[in-house]
Protein chains: 2
Amino acid sequence: MPASAGVRRRGAVRSEEARLAVLEATGRLFATQGYDHLTIEGIAAEAGVSKQTIYRWWSSKSAVVADALIEDLLLPDRPVVPDTGDIRADLIAWMQDLLDLVAQPGNDGLVRSLVAAACESTDIGIRLNDALGITATVSARIEAAVAAGQLPADLPVIEFVRALVGGFVLHSLERSEPAPEAAERLVRALLH
Amino acid sequence: MPASAGVRRRGAVRSEEARLAVLEATGRLFATQGYDHLTIEGIAAEAGVSKQTIYRWWSSKSAVVADALIEDLLLPDRPVVPDTGDIRADLIAWMQDLLDLVAQPGNDGLVRSLVAAACESTDIGIRLNDALGITATVSARIEAAVAAGQLPADLPVIEFVRALVGGFVLHSLERSEPAPEAAERLVRALLH
DNA sequence: TTAACTGGACGCACCGTTGCGTATTATCGG
DNA sequence: CCGATAATACGCAACGGTGCGTCCAGTTAA
């Protein structure tokens with residue numbers, strides 16, 4: 001018996017190679033086909049892995065996606081909120097980056113796919129926030145502005161961020177043509 | 001040839017009975033099963049109509065849902081924004097009604113289903129706004145507040161409403177437990 | 001020895017399409 | 001005015017295709 005604690009199982013150990021292959025294949029297919037055209041069989045084929053291996057470790061498509069989300073395999077590099085001291089300008093710049101990102105070819109359906117996944121699965125819905133880095137990154141910037149006296153001290157930060165991101169999401173769902181002042185208007189709706 | 005203008009078709013005329021049966025069945029199944037568990041075959045069975053009759057007139061599941069949305073067969077009675085003269089209190093009351101509505105048993109998945117449908121289909125996404133009466137009802141109330149000098153004249157109304165509703169939607173997607181001050185906090189995030 | 005792996009097959013549900021028979025309706029010929 | 005014809009919508013039934021989730025047999029690795 002090994003010196004370390006814990007009961008050592010007998011038999012083969014889980015293949016990290018297969019695990020990663022599945023998550024990476026999920027990331028690739030998600031990017032190219034979107035969430036709703038994602039299939040377990042497609043992931044298995046793309047990963048070069050048997051379907052059974054997926055079903056052994058994940059209960060559903062959304063569980064795989066949730067894991068890929070955690071491993072940062074689903075989203076492109078996310079814009080960060082700058083900090084020039086001017087909270088309004090910073091938020092507008094960040095929102096513009098966000099809009100530019102989803103305006104890039106190939107990223108059209110990205111938001112829709114993520115939202116669709118969040119609709120289907122509680123796990124994804126919860127983890128999406130963290131994965132977007134929103135709660136962490138944006139909230140921190142807002143709280144800095146509050147500390148600097150640029151925003152009221154009793155501002156409900158979480159709800160503020162939610163409204164900001166929610167406005168962005170709805171904008172994406174409406175598939176409205178990208179107006180040049182969209183970012184500025186959205187931020188100005190919250191900061192008046 | 002008939003006196004009236006327009007080329008009169010030959011043959012049987014479209015059955016209004018069948019059309020309504022389909023849309024009403026869609027409404028019932030949508031309410032009980034949610035959007036993603038909706039199937040054409042299920043709708044046909046529930047409506048007592050052949051599958052072909054559906055495919056003859058609608059191109060996809062989302063097209064049927066979009067039509068049902070238009071005919072007001074999908075959503076329960078929607079809260080209206082009161083007008084007491086106090087814009088903040090009115091918005092809080094409205095948001096509270098909204099939260100109460102989706103908190104009712106049987107309505108848990110309502111928002112998720114609608115959002116999922118909007119993700120899948122452009123038509124639904126666009127029509128959802130109208131059907132929710134948001135653009136009309138809420139915007140009007142906001143503009144009244146602007147006219148009354150309670151909100152700045154250059155407020156981007158559409159974006160403001162989008163942020164408000166977006167905050168509500170994200171709140172629903174997160175499935176967070178219903179905090180009693182949720183409505184008040186969300187409105188206060190926008191009106192500070 | 002035991003568990004994870006691959007590969008293949010199964011039944012099921014739903015998709016979207018097609019063919020067939022029937023009912024309804026406008027148009028045309030007598 | 002009336003019957004034949006043509007065009008259309010309907011229900012019923014079946015098709016091939018796809019993906020699901022499960023199962024089994026055989027192989028590989030700790």
Side-chain angles (χ1 to χ4, degrees), chain A residues 1-26 28-30 32-67 113 116-117 120-121, chain B residues 1-26 28-30 32-67 113 116-117 120-121:
Chain A
M1 171 177 185
S4 71
V7 181
R8 270 274 244 155
R9 276 187 323 90
R10 286 220 279 200
V13 84
R14 174 173 185 185
S15 159
E16 175 69 9
E17 191 182 3
R19 189 190 137 267
L20 261 186
V22 168
L23 295 182
E24 283 168 0
T26 302
R28 282 193 299 276
L29 294 178
F30 186 92
T32 58
Q33 306 181 334
Y35 179 73
D36 38 352
H37 291 107
L38 218 54
T39 68
I40 297 276
E41 303 201 331
I43 294 173
E46 170 79 16
V49 143
S50 137
K51 220 175 24 157
Q52 182 67 20
T53 299
I54 297 185
Y55 278 107
R56 194 190 315 276
W57 300 108
W58 291 279
S59 60
S60 64
K61 179 175 81 169
S62 37
V64 181
V65 171
D67 263 19
S113 272
E120 198 180 286
S121 147
Chain B
M1 170 176 185
S4 69
V7 181
R8 280 273 248 155
R9 270 191 327 93
R10 270 211 296 206
V13 86
R14 175 174 186 183
S15 159
E16 175 69 9
E17 191 183 3
R19 190 189 136 267
L20 262 186
V22 168
L23 295 182
E24 285 167 359
T26 302
R28 282 194 298 276
L29 294 179
F30 187 92
T32 58
Q33 306 181 334
Y35 178 74
D36 37 352
H37 291 108
L38 217 55
T39 69
I40 297 277
E41 303 202 330
I43 295 173
E46 170 80 16
V49 143
S50 117
K51 217 173 30 156
Q52 293 59 37
T53 300
I54 297 185
Y55 277 109
R56 194 190 315 275
W57 299 107
W58 292 279
S59 60
S60 63
K61 177 176 82 168
S62 38
V64 181
V65 171
D67 264 18
S113 271
E120 197 180 288
S121 148

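A, B, ... follow the sequence lines: proteins, then strands. Residue 1 opens every chain. Just so we're clear, the structure is a prediction, and the values are computed from it rather than from any experiment.
Among all heavy-atom pairs drawn from B:Arg9 and B:Ala12, the shortest one is NH2-O, 3.6 Å. When all heavy atoms of A:Ala63 and A:Ser59 are compared, the closest pair comes out as CB-OG, 3.9 Å. The nearest pair of heavy atoms linking A:Glu46 to A:Leu29 is CB-CD1, 3.9 Å. The two residues A:Ile54 and A:Ile40 come nearest to each other via the heavy atoms CD1-O, 3.9 Å.
In this structure B:Asp67 satisfies the side chain to side chain contact (heavy atoms under 4.5 Å, CB included) test together with B:Leu23, B:Trp58, B:Ile70, B:Arg127, sequence neighbours excluded.
Atom OG1 of residue A:Thr32 and atom CZ of residue A:Arg28 lie 9.0 Å apart, to the nearest 0.5 angstrom.
The listed nucleotides are C:dA4, D:dC20, C:dT2; the one nearest the side chain of A:Arg10 is C:dT2.
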task = Let me see the working for A:Trp57 and A:Arg19 under side chain to side chain contact (heavy atoms under 4.5 Å, CB included), right down to the final yes or no.
result = CA-CA 9 Å; A:Trp57 300 108; A:Arg19 189 190 137 267; over 6 Å; no
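Regarding B:Glu17, its CD atom lies at a distance of 17 Å from the P atom of D:dA9, rounded to whole Å.
For B:Glu17, the CD atom sits in a loose shell: 12 or fewer heavy atoms of surrounding residues, nucleotides or ligands are nearer than 6.0 Å.
Sorted by residue number, the members of residues 37-53 of chain B with any non-hydrogen atom under 4.0 Å from DNA chain C read B:Thr39, B:Ile40, B:Glu41, B:Lys51, B:Gln52. DNA chain D is contacted by B:Arg56, B:Trp57 of residues 56-63 of chain B, taking any non-hydrogen atom closer than 4.0 Å.
Both A:Arg19 and A:Gly11 lie near DNA chain C, and the one whose nearest nucleotide falls closer to the 5' end is A:Gly11.
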